[in-house]
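Step one of this worksheet: look at the structure below.
No experiment lies behind these values; they were computed from the predicted model shown. First listed ligand is number 1; within each ligand, the first listed atom is number 1. If you read the sequence from its start, that first residue is 1, and numbering goes on from there. Note: hydrogens, waters and symmetry copies are ignored here, and every other heavy atom, side chains too, is used.
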Amino acid sequence: NGSESPAAADNNGKANANEEKIHGEGSRKIALITGITGQDGSYLTEFLLKKGYEVHGLIRRSSNFNTHRLNHIYIDPHNSQKALMKLHYADLSDASSLRRWIDSILPDEIYNLAAQSHVAVSFEIPDYTADVVATGALRLLEALRSHVSATGRSHIRYYQAGSSEMFGSTPPPQSESTPFHPRSPYAAAKCAAHWFTVNYREAYGVFACNGILFNHESPRRGENFVTRKITRAVGRIKVGLQSRLFLGNLQASRDWGFAGDYVEAMWLMLQQDQPDDYVVATEESHTVQEFLELAFGSVGLNWRDHVVIDKRYFRPAEVDNLKGDSSKARRVLGWKPRVGFEQLVKMMVDEDIELAKREKVLVDAGYMDAQQQP
Ligand code: NDP
Ligand code: GDR
């Protein structure tokens with residue numbers, strides 16, 4: 001990508017100005033994705049491009065490039081007319097940027113995936129988390145509502161990235177009718193975003209859907225979520241770059257699916273005749289310890305030789321047991337997960353072994369320090 005971020009930055013370092021022509025021609029559907037640089041944003045972008053969409057993503061300014069999950073998709077618009085993914089600077093804490101980009105991109109579908117998405121971190125930065133996750137969703141809905149009222153473009157469809165964390169301490173199985181009992185600032189903020197979405201649907205007739213997605217993982221998962229933290233450690237321990245792995249509560253149980261499967265459910269929700277809310281889950285739950293056993297065991301290691309329990313990774317309030325009932329999504333959307341738990345763990349371990357081997361080459365050549373675990 002040369003010396004510039006793949007973000008649609010021009011030579012002056014500014015995001016594409018509104019007056020520039022930012023649309024492709026023809027009848028392509030246009031999607032706008034917040035959180036496009038995250039795990040789900042990258043899979044959803046691939047999915048929508050394959051469906052023939054033009055995809056616009058909002059990215060936030062960072063002192064480091066934050067587009068590594070998109071680099072393989074990115075086509076520099078300076079070199080090609082075929083660039084169907086376009087990136088623009090905005091922030092969920094900046095209402096004016098959201099309205100401006102909706103006005104100029106003229107999307108048919110909006111996917112709100114942006115969030116401070118780490119549950120444990122939300123206890124450290126609760127105010128910021130609520131601002132981005134809850135008020136951010138409200139800002140985006142309000143930008144959409146005022147855009148519709150100014151332009152009459154009432155066909156726009158909106159997806160809100162809701163979370164199984166909203167169920168918190170309510171026992172499984174959790175479905176659309178299960179009461180929320182959030183256990184973190186993140187989860188409480190997601191509940192607010194959920195109800196903002198319902199409210200804009202009821203009050204203004206916005207085609208707005210809440211996806212209540214249970215945990216979904218992949219080789220692109222952020223490295224400080226427990227699954228990826230484990231598979232990164234397995235890779236690095238296997239090649240000799242690390243010996244110990246510090247973790248918190250191993251008894252928590254999660255319904256873990258594959259992110260690539262879950263983005264399809266997001267899209268399906270927006271293709272229905274009526275807007276609605278859906279739980280998306282594998283309907284299987286496993287403890288962190290089971291994940292450990294499988295991940296270490298798959299490369300002939302015993303997790304007990306490496307894992308050290310560290311109190312700092314325990315949360316002030318924990319969510320003990322999540323297991324979804326996704327029968328509505330299966331019945332109405334025709335959705336079902338393709339990748340099972342064991343396949344998911346294997347996919348993540350295999351990719352992280354390869355990554356660790358590449359790191360090892362650099363470390364051995366003196367080009368890289370054997371990093372601390374994330
Ligand atoms: P990630 O943490 O991987 O991605 C979050 C995205 O939000 C990143 O693109 C991040 O940008 C962006 N972002 C963060 N803060 C802001 C901000 N202030 N303004 C604009 N963008 C911002 O999350 P996932 O991809 O895993 O999840 C996607 C969504 O789904 C999130 O809302 C998450 O809470 C929710 N969710 C996720 C589940 C999961 O298991 N993965 C389950 C249920 C819900 P940057 O790259 O610069 O950090
Ligand atoms: P979660 O995911 O909180 O479910 O939120 P995470 O992987 O962070 O934690 C899962 C469980 O593992 C336990 N755990 C640890 N977690 C982390 N991160 N690091 C550790 O060292 C560790 N040790 C044990 C946790 O206590 C927890 O019980 C994810 C995010 O993607 C949210 O954005 C999303 O909404 C939910 O999934 C559904």
Side-chain angles (χ1 to χ4, degrees), residues 7 33-44 57-70 89-94 97-98 111-122 128-129 131-133 135-137 139-140 159-168 182-184 186-187 189-190 193 210-218 220-230 233 245-259 262-263 266 280-281 287-289 291-292 307-322 324 373-374:
I33 304 177
T34 74
I36 193 169
T37 55
Q39 171 189 254
D40 291 6
S42 66
Y43 283 108
L44 181 62
L58 301 186
I59 66 166
R60 56 183 181 157
R61 193 270 161 181
S62 162
S63 66
N64 288 310
F65 291 160
N66 54 5
T67 47
H68 62 277
R69 292 188 180 96
L70 298 170
Y89 286 116
D91 200 296
L92 277 205
S93 60
D94 185 315
S97 66
L98 303 176
Y111 295 85
N112 183 30
L113 309 186
Q116 189 303 92
S117 73
H118 201 285
V119 173
V121 172
S122 79
Y128 173 76
T129 301
D131 187 51
V132 173
V133 173
T135 314
R139 288 186 190 103
L140 189 58
Y159 173 84
Q160 168 60 29
S163 165
S164 52
E165 282 293 295
M166 300 189 295
F167 298 122
R183 297 272 285 167
S184 63
Y186 166 81
K190 281 286 182 191
N210 285 294
I212 306 176
L213 272 53
F214 282 62
N215 297 54
H216 44 278
E217 319 293 312
S218 74
R220 297 183 203 166
R221 184 56 142 155
E223 296 194 18
N224 58 358
F225 296 95
V226 77
T227 55
R228 187 79 199 289
K229 188 170 164 182
I230 292 169
L245 168 62
F246 296 95
L247 291 175
N249 177 16
L250 305 188
Q251 298 319 315
S253 204
R254 291 289 182 275
D255 180 331
W256 276 301
F258 170 53
Y262 284 41
V263 298
M266 299 176 186
V280 179
T287 61
V288 174
Q289 185 169 319
F291 194 103
L292 272 174
V307 170
V308 180
I309 300 301
D310 182 339
K311 279 202 175 74
R312 65 184 279 218
Y313 297 114
F314 283 78
R315 295 162 184 192
E318 177 62 285
V319 170
D320 295 321
N321 195 1
L322 293 174
Q373 72 168 72

Quick one: does any side-chain atom of His118 pair with a main-chain N or O of Gln116 as donor and acceptor, under 3.5 Å?
no
Think Lys229 forms a cation-pi with Tyr313, using NZ or CZ under 6.0 Å from the six-ring centre and within 45 degrees of its axis?
yes
Cut-off 3.5 Å, side chains only: do Asn112 and Thr34 have a donor facing an acceptor?
yes
When you look for heavy atoms under 4.0 Å from ligand 1, do you find them on the side chain of Val132, its backbone, both, or neither?
side chain
Measure the distance from atom 5 (C) of ligand 1 to every protein heavy atom, then report the residue, atom name and distance (to 0.1 Å) of the closest one.
Ala115 O, 3.6 Å
Evaluating non-hydrogen atoms only, which member of Gln116, Lys190, Arg221, Glu217 is closest to atom 32 (O) of ligand 1?
Lys190
How many angstroms lie between CE in Met166 and CD1 in Ile212, if you round to the nearest 0.5 Å?
4.5 Å
Give the contacting part of Gln39 toward ligand 1: side chain, backbone, both or neither, where contact means a heavy-atom distance below 4.0 Å.
both
Specify the protein heavy atom at minimum distance from atom 25 (O) of ligand 1: its residue, its atom name, and the distance to 0.1 Å.
Asp40 N, 2.8 Å
I need the nearest protein heavy-atom contact for atom 11 (O) of ligand 1: residue, atom name and distance, please.
Thr37 OG1, 3.3 Å
In this structure, does ligand 1 have an atom that sits under 4.0 Å from one of the heavy atoms of Tyr128?
yes
So the atoms of ligand 1 within less than 4.0 Å of a heavy atom of Asp91 turn out to be 17 (C), 18 (N), 19 (N)
Determine yes or no for a side-chain-to-main-chain donor-acceptor pair under 3.5 angstrom, with Lys190 supplying the side chain and Ser164 the backbone.
no
Got the closest protein heavy atom to atom 31 (C) of ligand 1, with its distance?
Leu113 O, 3.1 Å
Atom 1 (P) of ligand 1 - nearest protein heavy atom and its distance
Ser117 OG, 3.7 Å
Within-shell test, His118 vs ligand 1, heavy atom, strictly < 4.0 Å
no
Indicate the ring-plane relationship of Tyr111 and Tyr159, choosing parallel, tilted or perpendicular according to the 30° and 60° boundaries.
tilted
Using 0.5 Å steps for rounding, measure from the OG atom of Ser253 to the CG atom of Asn321.
4.5 Å
Should the pair Arg60 and Tyr89 be classed as cation-pi, given the thresholds of under 6.0 Å to the six-membered ring centre and 45° from the axis?
no
Check: Ser93/Asp91 side-chain N/O donor and acceptor closer than 3.5 Å:
yes
Return a yes/no value for Leu92: is any of its N or O atoms, backbone included, closer than 3.5 angstrom to an N or O of ligand 1?
yes
Close approach, Gly211 and ligand 1, non-hydrogen under 4.0 angstrom
no
Check whether any side-chain N or O of Asp255 sits under 3.5 Å from a backbone N or O of Phe214 as a donor-acceptor pair, and report yes or no.
no
With atoms numbered from 1 as shown, which atoms in ligand 1 lie under 4.0 angstrom from a non-hydrogen atom of Asn66?
47 (O)
Note, Leu44 side chain near Ile36 side chain (heavy atom, < 4.5 Å)
no
Polar contacts were defined as any N/O atom of the residue lying under 3.5 Å from an N/O atom of the ligand; does this apply to Ser164 and ligand 1?
no
So, does Ser218 use its side chain to make a donor-acceptor pair with the main chain of Ala259 at under 3.5 Å?
no
Close N/O pairs between ligand 2 and protein, under 3.5 Å:
{"unit_1": "ligand 2", "atom_1": "3 (O)", "unit_2": "Arg315", "atom_2": "NH1", "d": "2.6"}
{"unit_1": "ligand 2", "atom_1": "4 (O)", "unit_2": "Asn215", "atom_2": "ND2", "d": "2.8"}
{"unit_1": "ligand 2", "atom_1": "4 (O)", "unit_2": "Arg254", "atom_2": "NE", "d": "2.9"}
{"unit_1": "ligand 2", "atom_1": "7 (O)", "unit_2": "Val226", "atom_2": "N", "d": "2.8"}
{"unit_1": "ligand 2", "atom_1": "8 (O)", "unit_2": "Arg315", "atom_2": "NH2", "d": "2.8"}
{"unit_1": "ligand 2", "atom_1": "9 (O)", "unit_2": "Arg315", "atom_2": "NH2", "d": "3.4"}
{"unit_1": "ligand 2", "atom_1": "16 (N)", "unit_2": "Arg315", "atom_2": "NH2", "d": "3.4"}
{"unit_1": "ligand 2", "atom_1": "18 (N)", "unit_2": "Asn224", "atom_2": "O", "d": "3.0"}
{"unit_1": "ligand 2", "atom_1": "18 (N)", "unit_2": "Arg315", "atom_2": "NH2", "d": "3.4"}
{"unit_1": "ligand 2", "atom_1": "21 (O)", "unit_2": "Lys229", "atom_2": "NZ", "d": "2.7"}
{"unit_1": "ligand 2", "atom_1": "23 (N)", "unit_2": "Gly248", "atom_2": "N", "d": "2.8"}
{"unit_1": "ligand 2", "atom_1": "26 (O)", "unit_2": "Glu318", "atom_2": "OE2", "d": "2.6"}
{"unit_1": "ligand 2", "atom_1": "28 (O)", "unit_2": "Arg254", "atom_2": "NH2", "d": "3.1"}
{"unit_1": "ligand 2", "atom_1": "28 (O)", "unit_2": "Glu318", "atom_2": "OE1", "d": "3.0"}
{"unit_1": "ligand 2", "atom_1": "28 (O)", "unit_2": "Glu318", "atom_2": "OE2", "d": "2.9"}
{"unit_1": "ligand 2", "atom_1": "31 (O)", "unit_2": "Arg221", "atom_2": "NH1", "d": "3.0"}
{"unit_1": "ligand 2", "atom_1": "31 (O)", "unit_2": "Arg221", "atom_2": "NH2", "d": "2.9"}
{"unit_1": "ligand 2", "atom_1": "33 (O)", "unit_2": "Ser117", "atom_2": "O", "d": "2.6"}
{"unit_1": "ligand 2", "atom_1": "33 (O)", "unit_2": "Tyr186", "atom_2": "OH", "d": "2.8"}
{"unit_1": "ligand 2", "atom_1": "35 (O)", "unit_2": "Ser163", "atom_2": "OG", "d": "2.5"}
{"unit_1": "ligand 2", "atom_1": "35 (O)", "unit_2": "Tyr186", "atom_2": "OH", "d": "2.5"}
{"unit_1": "ligand 2", "atom_1": "37 (O)", "unit_2": "Asn215", "atom_2": "ND2", "d": "3.0"}

Is there a donor in the side chain of Asn210 and an acceptor in the side chain of Gln160, or the other way round, less than 3.5 Å apart?
no
Looking only at distances, please establish whether an N/O atom of ligand 1 is found under 3.5 Å from an N/O atom of Gly38.
yes
Identify the closest protein heavy atom to atom 42 (C) of ligand 1: which residue and atom is it, and at what distance?
His216 CE1, 3.3 Å
Could you grab the distance from atom CG of Leu58 to atom CG of Leu92, nearest 0.5 Å is fine?
8.0 Å
Check if Tyr186 has a non-hydrogen atom at a distance under 4.0 Å from any atom of ligand 1.
yes
Please check: side-chain N/O of Arg220 versus main-chain N/O of Gln39, any donor-acceptor pairing under 3.5 Å?
no
If you measure from each heavy atom of Asn215 to ligand 1, is any distance below 4.0 Å?
yes
Just need the protein heavy atom nearest to atom 43 (C) of ligand 1, so name the residue and atom and give the distance.
Leu213 O, 3.2 Å
Salt bridge Arg254-Glu318, side-chain N to carboxylate O under 4.0 Å:
yes
Please state which protein non-hydrogen atom is closest to atom 16 (C) of ligand 1 and give its distance, to 0.1 Å?
Arg60 CD, 3.7 Å
